Amino acid sequence: MRTSTSDKLRALIDAEARRAGFDAVAVTRPDAIPLAPARLAEFVADGFHGSMEWIAETVQRRAEPSTLWPEVRSIIVLAMNYGSDHDPRGILEKRDRGAISVYAQNRDYHDVMKGRLKEIAGKIVARAGGDVKVFVDTAPVMEKPLAEAAGIGWQGKHTNLVSRAHGSWLFLGTIFTTAELEPDKAEIDHCGSCRACLDVCPTDAFPAPYRLDARRCISYLTIENKGPIPHEFREKIGNRIYGCDDCLAVCPWNKFASAASEAKLAARADLREPPLSQLLLLDDAAFRAFFSGSPVKRIGRDRFIRNVLIAAGNSGDASLTPIVRGLLNEASPLVRGAAIWALSRLLSDREFGDLAATASKTETDAVVQEEWLAAPARSVKAD
Ligand code: B12
């Protein structure tokens with residue numbers, strides 16, 4: 001039997017993907033996601049993208065790979081398992097600790113994956129010639145529908161890709177190539193009647209199965225959202241200070257997944273249960289040093305402290321009060337506003353009232369001033 005050039009190229013891709021530490025690799029065609037354009041357009045029309053204007057601005061290129069790059073003939077989708085060896089929901093009970101989502105406890109996957117994708121892409125060009133482009137996350141590429149079309153998994157009701165072999169814990173990346181490769185068979189939906197991911201969401205971010213309103217998703221609220229966290233979500237966020245794993249963690253398909261191997265995406269032990277008291281003290285330089293190489297660094301210190309202050313407000317831990325009070329003097333209105341909310345929950349009514357009477361007088365920022373006036377429901381009291 002003769003082996004075609006495309007079969008040999010495919011064998012090379014499979015071998016190189018394994019060598020580079022990817023857990024799955026499959027091929028699809030640029031025209032394999034015909035439903036994506038309308039669904040993406042609906043997502044944007046409904047405003048589900050919130051302040052992620054970069055999605056709305058790239059709808060056409062994002063939903064149609066050949067608009068992004070007309071020369072593309074095949075798309076290679078690669079996936080890396082980042083499953084944890086413990087249930088990430090355990091930390092949600094430890095209110096004096098910050099919950100950082102599993103993916104962000106690792107080295108930034110963009111950095112880890114991009115270098116490896118480039119290596120594989122280089123091998124493809126060396127063997128087959130032509131041209132290649134590699135993408136992880138940030139490019140206008142719909143990685144999940146492409147991964148489903150390639151057969152790596154299916155988009156679950158939580159909208160993420162689920163695989164029978166790796167559950168919900170996969171990072172995705174793509175290599176676009178001008179080489180002609182035989183496409184793999186698309187995967188079908190195996191969610192059945194399960195709705196665990198929809199029901200567990202603390203902020204009701206799923207208006208329907210397979211649809212996410214990002215504006216309500218804790219991942220969006222703590223990572224993408226640049227302004228104050230809307231009041232309606234603050235209590236529900238609990239101690240989640242960067243991203244959220246709840247919808248992934250309850251997925252029954254995770255029982256077939258193994259923990260990611262240490263060498264690939266080792267979780268940093270000090271990011272597993274960091275004390276809020278330590279995190280609140282991070283100034284800009286300390287924040288950058290502590291989160292060096294971590295995706296958390298991307299949101300910057302002020303947005304991060306905003307998140308930690310929400311967790312502090314939910315902690316019921318009065319020992320945090322002096323540090324939080326100190327943050328009222330911050331230059332950043334975002335930090336001052338979140339500190340006010342945290343204090344309104346940590347101090348007694350009288351203490352908070354006394355503080356508001358003096359401190360609010362010197363506040364010049366209108367949005368922060370509103371935080372003093374809004375003094376929310378005070379269900380969690382330290383006294
Ligand atoms: C924008 C974005 C976000 C946004 C919006 C998420 C979203 N679901 O769109 C926010 C900030 C909320 C987010 C959060 C997270 N993200 Co994100 N994010 C992206 C990004 C950059 C684009 C996704 C996108 O195109 N959204 C637009 C919507 C319209 O597309 P969609 O999600 O595919 O929606 C489809 C479904 O709704 C479906 N659909 C609609 N109606 C119907 C009806 C039926 C019947 C069916 C079957 C389907 C269906 O069609 C739509 C189009 O395909 C991708 C990287 C990339 N370039 O693809 C990473 C990515 C999706 N994120 C990722 C991760 C890991 C996360 C988090 C887990 C991080 C965390 N722990 O906090 C959470 C998960 C939250 C969640 N449940 O989605 C991974 C997911 C890997 C995987 N296994 O799927 C990606 C692929 C990054 C990567 N390279 O690995 N993310």
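What you are looking at is a predicted structure, and each value in this text was computed from that prediction instead of being measured.
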inquiry  = Has Lys157 got a side-chain atom pairing as donor or acceptor with Gly192's backbone, closer than 3.5 angstrom?
reply    = yes
Would Leu334 end up clustered with Leu281 when hydrophobic side chains under 4.5 Å apart are linked, directly or stepwise?
no
Between the CZ atom in Phe291 and the NZ atom in Lys297, the distance rounded to the nearest 0.5 Å is 11.5 Å
Any salt bridge between Asp85 and Arg272, counting N to O under 4.0 Å? yes
Here the pair of heavy atoms bringing Leu161 nearest to Gly153 is CD1-C, 3.7 Å
Please evaluate residues Tyr242 and Ser219 with respect to the criterion side-chain contact (heavy atoms from CB on, under 4.5 Å), reporting the C-alpha separation (whole Å), side-chain torsions for both, the decisive distance (0.1 Å), and the verdict.
CA-CA 7 Å; Tyr242 190 93; Ser219 185; over 6 Å; no
- Would you say Asn239's side chain and Lys94's backbone share a donor-acceptor pair under 3.5 angstrom? yes
Between the CD1 atom in Ile218 and the CD1 atom in Ile241, the distance rounded to the nearest 0.5 Å is 12.5 Å
Quick note, side-chain hydrogen bond (donor to acceptor under 3.5 Å, both in side chains) partners involving residues 44-58, not counting sequence neighbours, are Asp46-Arg211, Ser51-Tyr220, Thr58-Arg62
Using the rule given for side-chain contact (heavy atoms from CB on, under 4.5 Å), can you reason through Ser315 versus Leu276, listing the C-alpha separation, both sets of side-chain angles and the distance that settles it, and then say yes or no?
CA-CA 9 Å; Ser315 69; Leu276 298 177; 4.1 Å; yes
Would you kindly check if the NZ (Lys) or CZ (Arg) of Arg298 is within the cone defined by 45 degrees around the ring axis of Phe304 and under 6.0 Å from the six-membered ring centre? no
Residues Val132 and Ala121: closest non-hydrogen pair is CG2-CB, 3.7 Å
Check: Are the charged groups of Arg18 and Asp14 less than 4.0 angstrom apart, N to O?
Finding: no
Checking Asn106 side chain against Val102 main chain: does a donor-acceptor pair fall under 3.5 Å? yes
When rounded to the nearest 0.5 Å, the distance separating CZ of Arg164 from CD1 of Ile152 is 14.0 Å
Compare all side-chain heavy atoms of Pro30 with those of Trp69 and state whether any distance is below 4.5 angstrom. no
Would you list the atom pairs, donor with acceptor, under 3.5 Å between side chains in residues 169-177 and any protein atom, with sequence neighbours excluded?
unit_1	atom_1	unit_2	atom_2	d
Thr177	OG1	Ala179	N	2.8

ask   = Would you say Glu148's side chain and Gln155's backbone share a donor-acceptor pair under 3.5 angstrom?
value = yes
Residues 121-145 vs salt bridge (Lys or Arg N to Asp or Glu O under 4.0 Å), sequence neighbours excluded, gives Glu16-Lys123
Discussion item. Tell me whether Gln60 at atom CD has more than 12 heavy atoms from other residues, nucleotides or ligands lying less than 6.0 Å away.
Written reply: no
- Item | Non-hydrogen side-chain atoms of Arg116 and Met80 separated by less than 4.5 Å | yes
Here the pair of heavy atoms bringing Asp87 nearest to Ala249 is OD1-CB, 4.3 Å
Closest non-hydrogen contact found for Pro34 with Pro37 is O-CD, 3.3 Å
Notebook entry, point to check: So, the side chain of Gln369 versus the backbone of Ser360: is there a donor-acceptor pair under 3.5 Å, distance only?
Noted result: yes
Applying ring-ring contact (aromatic ring centres under 6.0 Å, His included) to Tyr103 and not counting sequence neighbours gives Tyr109
Only one of Ile76, Leu181, Thr178 passes side-chain contact (heavy atoms from CB on, under 4.5 Å) with Ile124, and that residue is Ile76
SG of Cys244 to CD1 of Ile100, rounded to nearest 0.5 Å, is 13.5 Å
- Does Asp184 come within less than 4.0 Å of Arg10, counting only side-chain N to carboxylate O? yes
Single-linkage hydrophobic cluster Val308~Ile223, side-chain heavy atoms < 4.5 angstrom: yes
*Any side-chain heavy-atom pair from Lys361 and Trp372 closer than 4.5 angstrom?*
no
Between Glu182 and Ser6, the two heavy atoms sitting closest are N-OG, 4.0 Å
Result for side-chain contact (heavy atoms from CB on, under 4.5 Å) between Leu282 and one of Asp284, Leu279, Leu280 points to Leu279
Could you tell me whether the side chain of Ser292 and the main chain of Arg288 form a donor-acceptor pair under 3.5 Å?
no
By ring-ring contact (aromatic ring centres under 6.0 Å, His included), Trp154 pairs with (sequence neighbours left out) His190, Trp253
* Asked: Does the side chain of Val25 come within less than 4.5 Å of Val77's, by heavy atoms?
  -> no
- prompt: Does the Asn307 side chain pair with the main chain of Thr222, one donor and one acceptor, at a distance under 3.5 Å?
  reply: yes
One should read off an interatomic distance between Asn254 CG and Leu248 CG, to the nearest 0.5 angstrom, of 7.5 Å
Interatomic distance, NZ@Lys226 vs CG@Asp302, rounded to 0.5 Å, equals 13.5 Å
Check your understanding: Under 3.5 Å, is there a donor-acceptor pair between the side chain of Asn314 and the main chain of Ile310?
Key -> yes
Quiz prompt | Carboxylate-amine/guanidinium proximity below 4.0 Å for Arg29 and Asp31 | solution = no
(request) Side-chain contact test, heavy atoms from C-beta onward, threshold under 4.5 Å: evaluate it for Ser294 versus Asp108 and give yes or no. (result) no
Would a 4.5 Å heavy-atom cut-off, applied to side chains only, mark Val367 and Pro333 as touching? no
* Asked: Under 3.5 Å, is there a donor-acceptor pair between the side chain of Arg345 and the main chain of Gly313?
  -> yes
Exercise for the section: Check whether any side-chain heavy atom of Val250 sits under 4.5 Å from a side-chain heavy atom of Arg89, and report yes or no. Expected result: yes
Taking the side chain as everything from C-beta on, heavy atoms only, tell me whether Asp204 gets closer than 4.5 Å to Arg216. yes
Residues passing the side chain to side chain contact (heavy atoms under 4.5 Å, CB included) test with Pro230, sequence neighbours excluded, are Leu221, Asn225, Phe233
In Glu370, Glu363, Glu371, Glu330, the residue satisfying salt bridge (charged side-chain N to carboxylate O under 4.0 Å, His left out) with Arg336 is Glu363
Task: Test: Arg303 and Glu224 ion pair at under 4.0 Å - done: no
Other residues, nucleotides and ligands only: do more than 12 of their heavy atoms fall within 6.0 Å of CD on Glu93? no
When every non-hydrogen atom of Pro88 is compared with those of Ile91, the smallest separation belongs to O-CG2, 3.4 Å
Q: Report yes or no: do Thr138 and His110 form a side-chain donor-acceptor pair below 3.5 Å?
A: no
Salt bridge flag under 4.0 Å for residues Asp245 and Arg240: no
What's the verdict on side-chain contact (heavy atoms from CB on, under 4.5 Å) for Val296 and Phe290, showing C-alpha distance, side-chain angles and the deciding distance? CA-CA 10 Å; Val296 177; Phe290 188 59; over 6 Å; no
Quiz item: Does the pair Ile323 and Ser277 meet the rule for a side-chain contact (heavy atoms from CB on, under 4.5 Å), with working shown?
Solution: CA-CA 8 Å; Ile323 315 176; Ser277 56; 4.2 Å; yes
